[in-house]
Number of protein chains: 2
Amino acid sequence: MSFAEVLKDITDDVKGAMGAVVVGMDGIIVEEYLRESGVDFQSIGAEYGNILKEVQTASDSLRLGAAKELAVLTDSSDVIIRKINKDYFVAMMLSTGGNFGKGRFMVRKAVNRLAKEF
Amino acid sequence: MSFAEVLKDITDDVKGAMGAVVVGMDGIIVEEYLRESGVDFQSIGAEYGNILKEVQTASDSLRLGAAKELAVLTDSSDVIIRKINKDYFVAMMLSTGGNFGKGRFMVRKAVNRLAKEF
């Protein structure tokens, strides 16, 4: 299954999911699947890549171990981010009111599948 | 119900929760309840207060609206953070394998209760 197929698979299975993406820690998008147009995954990848780095620095400083997952809920959307390895992560974006729990589950599933390819 | 009682109430009701805390965006702890000793909420409050600010800056830049909630999962623990208002937030820390979904629900409940007092 290609990266694009994995992303489509997890997005289409989650109510309210707008799309999913594989991103490098440098913010560069490796693959994306958009169910709704108008989602700026390029900027989201770059911004959340930076936050993931900050979170890792904080986790190191607090001796909590490696940061595996990050979720941010705003007024208009939810973003779920999970690391594939130290260099890449998967992000899914949901509209508010989407199925956040299912989203987390599917992102985790995608990471398990994709990890074999990296 | 006092702040301390609200924090005890939500912590004791969640499997794996180690404690909960009310923190200012400056990282200063207003109130805390620890079910397990050895959790350094002072440092956690300060580090995650900073991350919450970064997340807000990113959300503004991405035009996603106000950041309401943040969750970080590391190798050893899960932290759930939810804003009470622009100056204060509630954080709950769970050991890995704790009930994350119930934790989110209870943190949200605490924020709704505490918001009336701020």
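For clarity, every value in this text was computed on a predicted model and none was experimentally measured. A, B, ... follow the sequence lines: proteins, then strands. Residue 1 opens every chain.
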- Following the transitive rule for hydrophobic clusters with a side-chain heavy-atom cut-off under 4.5 Å over Ile, Leu, Val, Met, Phe, Trp and Tyr, establish whether A/V39 and A/I10 coincide in one cluster. no

- Task: With a 4.5 angstrom heavy-atom cut-off, could you sort out which part of A/I51 is near chain B: side chain, backbone, both or neither?
- Result: side chain

- Message: Count I, L, V, M, F, W, Y as connected when their side-chain heavy atoms are under 4.5 Å apart, and connections chain through other members. Are B/I29 and B/L34 then in the same cluster?
- Response: yes

- Is there a path of hydrophobic side-chain contacts, each under 4.5 Å between heavy atoms of I, L, V, M, F, W or Y residues, that connects B/F41 with A/V55? yes

- Query: Any chain of hydrophobic side-chain contacts (each under 4.5 Å) joining A/L7 to A/V14?
  - Reply: yes

- Message: Non-hydrogen contacts under 4.5 angstrom with chain B: give the residues of residues 79-94 of chain A involved, or none if there are none.
- Response: A/M93

- Item | residues 99-118 of chain B: residues contacting chain A (heavy atom under 4.5 Å, by number) | B/F100, B/R104, B/R108

- Task: Give the cluster check for B/V21 versus B/M1: same hydrophobic cluster or not, with ILVMFWY residues linked at side-chain heavy-atom distances below 4.5 Å.
- Result: no

- Message: Taking side-chain contact (heavy atoms from CB on, under 4.5 Å) as the definition, give me every residue that meets it alongside B/D40, ordered by chain and number, with sequence neighbours left out.
- Response: B/Q42, B/S43

- Among B/T96, B/L52, B/L64, residue most engaged with chain A (heavy-atom pairs, under 4.5 Å): B/L64

- Query: For chain A, which residues from residues 66-78 of chain B lie under 4.5 Å away (heavy-atom distances)?
  - Reply: B/A66, B/A67, B/K68, B/E69, B/L70, B/A71, B/V72, B/L73, B/T74, B/D75, B/S76, B/S77

